[in-house]
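What follows is one structure encoded as structure tokens, with my remarks underneath.
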Amino acid sequence: MSAPNKAYDPVRVTALAPAEVQRMLDAGLAAISGAGSFDELKEARLAHLGGRSPLVLASAEIGALPPEAKAEAGRRVGEAKRLLGEAHAGRQRELEADRDQRVLVDEVADVTLPWDRRASGARHPVAMLADRLADVFIGMGYEIAEGPEIEAEWYNFDALNFPPDHPAREMQDTFFVAGRDGAAHSGKVLRTHTSPVQIRAMLSRPLPVYVVSPGKCFRADALDATHSPVFHQIEGLAVDEGLTMADLRGAISAFVEAMFGPGLRTRLRPDFFPFTEPSADVSMECHVCRGASARGGSPCRVCKSQGWIEIAGCGMVNPRVLAACGIDADRYSGFAFGLGIERSLMIRNGLADIRDTIDGDVRFSRAFGAEA
Ligand code: FA5
């Protein structure tokens, strides 16, 4: 602040002259009324009413005026500040009203719009069936076991008693993983079935073993209505003292009943797998015609009027496999079974083409329900 003027000095008080105060007031009012946003209004307030604004700086000069001019200058500046303050408050209210109006329009919720327009995802029917199949066995006391999809050839073939020249090892059936140095074989394959998980379970778990293992498998099969190069199986394995084919049959019947309802007969016919002895293929009575189509009833699309549907491969664990896993085959015996999940889905839901399960068309999945 300047020292009080003894003599009235018009130069020193130019800032407080009525025309100058009026000019500052007009500039402030114009800035405030022209502010189009809260930020601009804040800027206008700081520029015209803030501590370093011309009006506030000028008011600091009032003390330097001769007494006879102080009161009048004080009133003039005070009035200008009051008017600016009022204009600021008014503009603030206008901007707030604008904003509230915009929010009402922009954020309006039309409660009449359909709430389910955005399709919710659905789990894939193959994944749902795999869980359901596993649940049936978990209910019987089995545990879930897992193994890698890129599997050592030893687990996929050797430990399962596949001889070195077994046709399943041929390039046309198996995807071999190339070696790092360009070698044709790395000793690894994309597992061709879930049976290597049997070996992993027997090597890593204490006896007795009761496990199921759902998972992805790979075969160099051409894609057609019933084959896919990538598909799923669920494997079951029980190793305990005194297990027989009757236990295997009981497990399979319980499983068929849980999946397809009571009263369907099951049938085991001799088959061959290197890792089971004896081996069998499992069929169940057709759950649609209950065998009637094969007894002269009307034709059945599901079992192709055979009356039976093949659902799995199975057998008693080959003692050589038990031995490869360090299990005393004189004391323990085991049974195992393996079932294709896509094929089971096709049987259960009357699908004609396995390709529907891999096309990724959500309309297909949705037909099975959007289970979370
Ligand atoms: C096996 O894979 C044996 N590991 C099953 C087994 C386990 C036998 C334990 C004994 C004891 P198989 O090659 O038959 O068996 O295949 C089993 C099922 O996998 C078939 O019945 C079929 O449902 C399914 N499957 C096989 N290849 C394909 C494919 N390319 N596409 C879709 N499903 C397939």
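We count ligands from 1, going down the list as the structure has it; atoms in each ligand are counted the same way. Only a predicted model underlies this, so the values are computations on that prediction, with no experimental measurement involved.
- Shortest non-hydrogen contact noted between Val77 and Ser59 is CG1-CB, 3.5 Å.
- Both cation-pi conditions hold for Arg200 and Tyr155: the charged atom is under 6.0 angstrom from the six-membered ring centre and inside a 45 degree cone around its axis.
- Side-chain atoms of His287 do not come within 3.5 Å of backbone N or O of Ile309 as any donor-acceptor pair.
- By the side-chain hydrogen bond (donor to acceptor under 3.5 Å, both in side chains) test, Asp26 pairs with Gln22, sequence neighbours left out.
- Within 6.0 Å of CZ on Arg99 lie more than 12 heavy atoms contributed by other residues, nucleotides or ligands.
- Protein residues lining ligand 1, listed by chain and number: His193, Ser195, Gln198, Arg219, Asp221, Thr226, His227, Ser228, Phe231, Gln233, Glu235, Phe273, Phe275, Thr276, Gly313, Cys314, Ala336, Phe337, Gly338, Gly340, Arg343, Ile354 [non-hydrogen atoms, distance under 4.0 Å].
- Between Glu143 and Arg205 there is a salt bridge, since at least one side-chain N of the basic residue sits less than 4.0 Å from a carboxylate O of the acidic one.
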